[in-house]
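For reference, the structure discussed in these notes is given below.
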There are 2 protein chains.
Amino acid sequence: MTRGARKARSRTGRRSGDSGSKAAILAAARLQFAEYGYDGTTIRGIAAAACVDPALVHHFYGTKERLFAAATELPIVPSEAINAALASREPGRSLGTHLVASALALWERADMRGAFQAMLRSALTSEQAAATLADFIAEAILGPVASAAAGADADNASYRASLVATQMLGLAVGRYVLRFGPVAQASQEELAVAIGPVIDRYLTGDLSRAGSGH
Amino acid sequence: MTRGARKARSRTGRRSGDSGSKAAILAAARLQFAEYGYDGTTIRGIAAAACVDPALVHHFYGTKERLFAAATELPIVPSEAINAALASREPGRSLGTHLVASALALWERADMRGAFQAMLRSALTSEQAAATLADFIAEAILGPVASAAAGADADNASYRASLVATQMLGLAVGRYVLRFGPVAQASQEELAVAIGPVIDRYLTGDLSRAGSGH
DNA sequence: TGGTGAATTCTACGCATGTTGAATTAATCC
DNA sequence: GGATTAATTCAACATGCGTAGAATTCACCA
């Protein structure tokens, strides 16, 4: 007890002031889920990145699955974002082009980036993540489809929607996960004009014939 | 020692006849890598599926990484397959349509299916798998691009190639991994005519304007 | 017929993981 | 200022993993 001048630091116990540990844990979790996927991410790794004991992660978020759910919770409601995007279209810009531009802008918003990419990268390993992604896609894409179909070809609506989904998904995976050189470096606007017409074709074009959707 | 009548079955040691264990292990590995990805797949799980001891897996294939390499080794050389596909195009069919049809046919060949899907699903978790996929994509897509560009717009060749890659990748992920309803159930031909013109646009179209690539 | 080598399983090591419970310290409320 | 509650760490658990080595059984060849 009396040995030594004084205990240099108190190792255990509560810290003074607002430590921000809970937020730091969530931020670290987002980063790691985005980088390594669900399985590749460890609670110990998150704790280390947040400069915190692994048990504290558990104290705040319970199980790993719950932490994942918290980390991938999007700060927006997809359908609302889509409606906002649809409403802001300038004349002279095709629906597809506008949708691609809006999606890219949304995905790269500071408060979306981590959660979205974590969900993307985890979707191919974790069942839960895959289900979340599927919901997101369905919710985010059926809106524009309905808005574009406008009665015509309503039978094929879900087919059209899933075609749109393949292109958007491939764009997201190529740009954020596998990081193909050119597609990862292109500007949002470049990609929007390159890919937009493709989305237009899927939304309203004649899918049994070559050519554009205009 | 002398207790009991006789050992009922010899548990250890070599079996009579050709057991086919090595092939069974490889087949089980392909299935599981395709279903669960690299990290989600365990050697013990593979061994169980092949009705074999985990140590036997090790005996035949050494490390897990080497087993993965063996399981995802494609039975074809991508560039050769592409060249063969290019050569077999019928007149009246666009290059993009033919490429999509050929890719789907190739991916679903019995001897490709397991390996390809294993690679696909693992690419987002394992660095090695991602590198293999990137190589595959580069090799498989740069050929058609070069063949289509034909001097014009050679600067943008890699940009065009990566756009093609996003659509093909999205198609593969949507159809085989996430299994979006309509896109998973559509026939190869349906998808080829729906998506082919998109590939044509990326290969030879004017990427800064709306409209088709013809 | 004996011996070499391959196939197969058993046992076990060492490690990393998710998770838990107790102990300790600070903040907060009466 | 004492009691309560929240934050934090420590130590440990049970489990599952990849891997290694030894032992056992069979096939094949001289």
Side-chain angles (χ1 to χ4, degrees), chain A residues 1 6-29 32-33 35-71 122 125-129, chain B residues 1 4 6-29 32-33 36-71 122 125-129:
Chain A
M1 280 298 188
R6 198 177 186 288
K7 199 191 289 180
R9 302 271 302 128
S10 62
R11 303 228 139 273
T12 175
R14 186 171 187 163
R15 303 289 175 269
S16 306
D18 184 12
S19 67
S21 293
K22 191 168 180 180
I25 289 171
L26 192 65
Q32 304 222 355
F33 281 130
E35 186 75 6
Y36 308 120
Y38 183 84
D39 293 316
T41 298
T42 75
I43 289 198
R44 286 169 152 89
I46 292 170
C51 299
V52 137
D53 190 274
L56 192 61
V57 178
H58 226 254
H59 174 63
F60 282 130
Y61 294 98
T63 142
K64 180 182 183 181
E65 219 169 273
R66 298 243 305 275
L67 173 59
F68 179 75
S122 301
T125 327
S126 151
E127 283 302 325
Q128 180 197 344
Chain B
M1 281 299 188
R6 197 176 187 288
K7 200 190 288 179
R9 302 269 304 128
S10 64
R11 303 229 140 272
T12 175
R14 188 170 187 162
R15 301 291 174 268
S16 307
D18 183 13
S19 67
S21 293
K22 191 169 179 181
I25 290 171
L26 192 64
Q32 303 222 355
F33 281 128
Y36 307 119
Y38 184 84
D39 293 317
T41 297
T42 74
I43 287 197
R44 287 168 152 88
I46 292 170
C51 299
V52 135
D53 188 274
L56 193 62
V57 178
H58 226 252
H59 174 65
F60 282 131
Y61 293 98
T63 142
K64 181 182 184 182
E65 220 169 89
R66 296 244 303 274
L67 173 59
F68 179 75
S122 301
T125 327
S126 150
E127 284 300 326
Q128 182 198 342

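Residue numbers begin at 1 in each chain, while the letters A, B, ... track the order of the sequences. Computed from a prediction, not measured in an experiment: that's the story for all the values here. Hydrogens, waters and symmetry mates are skipped; everything else that's a heavy atom, side chains included, is used.
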- Item | N/O (side chain, B:Ser21) to phosphate O (OP1/OP2, C:dT8) under 4.0 Å | yes

- Taken to the nearest whole Å, CZ/A:Arg66 to P/C:dG18 is 16 Å

What does the list of N/O pairs under 3.5 Å between the protein and nucleotides 27-30 of chain C look like, with a distance for each?
from   : atom 1 : to      : atom 2 : distance (Å)
C:dA27 : OP1    : A:Gly17 : N      : 2.8

- Between atom CG in A:Leu67 and atom P in C:dT17, what is the gap in whole Å? 15 Å

- Note on the structure: Rounded to the nearest 0.5 angstrom, the OG1-OH distance for A:Thr42 and A:Tyr36 is 9.5 Å

- Where is the tightest heavy-atom contact between B:Gln32 and B:Gly45, given as atom of each residue plus distance? NE2-O, 3.4 Å

- Scanning both residues in full, the closest heavy-atom pair of B:Lys22 with B:Tyr61 reads O-OH, 3.3 Å

- Item | Interatomic distance, B:His59 NE2 vs D:dT24 C1' [rounded to whole Å] | 13 Å

- Message: One character per nucleotide, please: for nucleotides 15-22 of chain D, 5' to 3', B when the base has a protein heavy atom closer than 4.0 Å, S when only the sugar-phosphate does, - otherwise.
- Response: --BBSBB-

- Can you find an N or O donor on one side and an acceptor on the other, under 3.5 Å apart, linking the side chain of A:Thr12 with the base of C:dT25? no

- Query: At their closest point, which heavy atom of A:Phe68 faces which heavy atom of A:Ser122, and how far apart are they?
  - Reply: CE1-OG, 3.5 Å

- Note on the structure: A:Lys64 and A:Asp39 have their tightest heavy-atom pair at NZ-O, 4.0 Å

- Query: Where is the tightest heavy-atom contact between A:Leu56 and A:Ser21, given as atom of each residue plus distance?
  - Reply: CD2-CB, 4.0 Å

- Message: For B:Phe60, is the CZ atom crowded, meaning more than 12 foreign heavy atoms sit under 6.0 Å from it?
- Response: yes

- Note on the structure: Closest heavy-atom pair, A:Ala28 versus A:Ile46, reported as atoms and distance to 0.1 Å, is CB-O, 3.9 Å

- Would you mind reading off the distance between B:Leu56 atom CG and C:dT11 atom C1', rounded to a whole angstrom? 16 Å

